[in-house]
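Please read the structure below before turning to the comments.
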Amino acid sequence: MTDIKMEDRLKVLISEEEVNKKIQELGEQISKDYAGKEIHLICVLKGGVFVTTELAKRLTVPVSFDFMAVSSYGDETVSSGRVKIIKDLDDSIEGKDVLIVEDIIDSGNTLRYLLDMLNSRKPNSLKLCTLLDKPERRVTDVEVDYVGFQIPDKFVIGYGLDYAQKYRNLPYIGVIE
Ligand code: IMP
Ligand code: MG
């Protein structure tokens, strides 16, 4: 009897080179769009942490950071649309040009909730950047300003994305076959 290990089922979907090139492009575009302004980056923990730091290193405008941790209630595979704040922001976002950085947008429920909540705190502007987007899975309307890659409806890991809290540190986007 053979035991199929996780490593044997893991395939590269987007290579490290491709991810780095895309983040460089996003950084250049965002720096251009925010010329003369400051960006207040909001990293959505934990998945967004890798994209946030890699993106921030490529921004040429002044940047400040804050972190927020959220979790979806209930069954993880069927997003309920209800979101729990595990860690709120440290600082006020009133009057700031805020850019939320996410690893992936799936159903869109998490971001829909976050956008509505943060908009009520009166930022000067509020935009959204995600490395990955699974448009087929969207159940709620979310306008994404900056997208790295649109991907098919497959479960992916790496670059912040986990499978049971592991594999976030893979430097590429992998898919479990
Ligand atoms: P949404 O509210 O359905 O858009 O949920 C987005 C969250 O689900 C992401 O921030 C991830 O934490 C998680 N997620 C969605 N798709 C994947 C995946 O393919 N791999 C790992 N985590 C995922
Ligand atoms: Mg996430």
Side-chain angles (χ1 to χ4, degrees), residues 7 10-70 87 89-91 93 95-108 110-112 114-115 118-119 123-138 141-163 165-177:
E7 282 67 21
L10 179 58
K11 301 274 176 296
V12 176
L13 182 68
I14 307 169
S15 71
E16 182 172 5
E17 290 72 23
E18 288 174 284
V19 174
N20 288 342
K21 185 165 168 275
K22 183 63 76 176
I23 294 181
Q24 177 66 36
E25 287 167 12
L26 285 171
E28 286 170 12
Q29 184 63 50
I30 292 168
S31 297
K32 221 181 271 177
D33 294 351
Y34 285 83
K37 296 181 182 170
E38 288 186 23
I39 305 178
H40 191 59
L41 283 180
I42 293 182
C43 169
V44 185
L45 296 169
K46 303 170 182 149
V49 77
F50 290 81
V51 192
T52 302
T53 57
E54 290 303 313
L55 177 69
K57 287 192 275 181
R58 280 126 172 145
L59 295 175
T60 55
V61 294
V63 168
S64 54
F65 296 86
D66 209 342
F67 298 85
M68 180 163 240
V70 296
K87 183 216 169 290
L89 299 173
D90 290 336
D91 303 314
I93 57 168
K96 293 178 184 170
D97 291 303
V98 173
L99 180 63
I100 303 175
V101 184
E102 257 286 26
D103 48 2
I104 193 164
I105 302 181
D106 191 27
S107 70
T110 307
L111 264 302
R112 181 71 271 152
L114 270 187
L115 286 169
L118 296 179
N119 255 323
N124 184 53
S125 65
L126 183 59
K127 287 191 177 185
L128 180 56
C129 176
T130 184
L131 181 62
L132 304 175
D133 182 16
K134 283 186 195 170
E136 289 168 46
R137 297 259 304 169
R138 200 75 90 257
D141 197 32
V142 173
E143 199 187 309
V144 193
D145 303 280
Y146 303 101
V147 178
F149 302 94
Q150 290 200 334
I151 61 165
D153 181 13
K154 289 188 173 171
F155 193 81
V156 290
I157 53 173
Y159 231 92
L161 291 150
D162 72 302
Y163 172 66
Q165 295 302 326
K166 288 189 197 143
Y167 305 102
R168 292 191 196 274
N169 60 318
L170 293 178
Y172 58 88
I173 303 295
V175 62
I176 300 165
E177 307 253 87

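Atom set for the values below is all heavy atoms of this structure, side chains included, hydrogens, waters and symmetry mates excluded. Quantities reported herein were computed from a predicted structural model and do not represent experimental measurements.
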Exercise for review: Could you tell me whether the side chains of Asp33 and Tyr146 share a donor-acceptor contact shorter than 3.5 Å?
Suggested key: yes
Review point. Among all residues two or more places apart in sequence or in another chain, which pass the side-chain hydrogen bond (donor to acceptor under 3.5 Å, both in side chains) test with Glu28?
Key: Gln24
Exercise for review: Could you tell me whether Lys22 and Glu18 make a salt bridge, using a distance below 4.0 angstrom between a side-chain N and a carboxylate O?
Suggested key: no
Practice item. Keeping the roles fixed (side chain from Lys127, backbone from Ile100), state whether a donor-acceptor pair exists under 3.5 Å. Key: no
Check your understanding: Between Lys87 and Asp90, does at least one N-O distance fall below 4.0 Å, as a salt bridge requires?
Key -> yes
Point to revise | Main-chain N/O of Asp106 paired with Arg138 side-chain donor or acceptor, under 3.5 Å | key: yes
Exercise for review: Could you walk me through whether Leu59 and Leu41 pass the side-chain contact (heavy atoms from CB on, under 4.5 Å) test, one step at a time?
Suggested key: CA-CA 11 Å; Leu59 295 175; Leu41 283 180; 4.2 Å; yes
**Study point:** Nearest-0.5 Å distance that lies between atom OH in Tyr172 and atom OG in Ser15
**Key:** 11.0 Å
Review point. Rounded to the nearest 0.5 Å, how far does CG of Leu55 lie from CG of Leu131?
Key: 9.5 Å
Check your understanding: Do you know the tightest heavy-atom contact between Leu114 and Met68?
Key -> CD2-SD, 3.4 Å
Review point. Which heavy-atom pair separates Glu38 from Asp97 by the least distance, and what is that distance?
Key: O-CB, 3.5 Å
Check your understanding: Does anything in residues 48-66 pair up under salt bridge (Lys or Arg N to Asp or Glu O under 4.0 Å), and if so which pairs, sequence neighbours excluded?
Key -> Glu54-Lys57, Glu54-Arg58
Review point. Considering residues at least two apart in sequence or located in another chain, which fulfil the side chain to side chain contact (heavy atoms under 4.5 Å, CB included) criterion with Ser64?
Key: His40
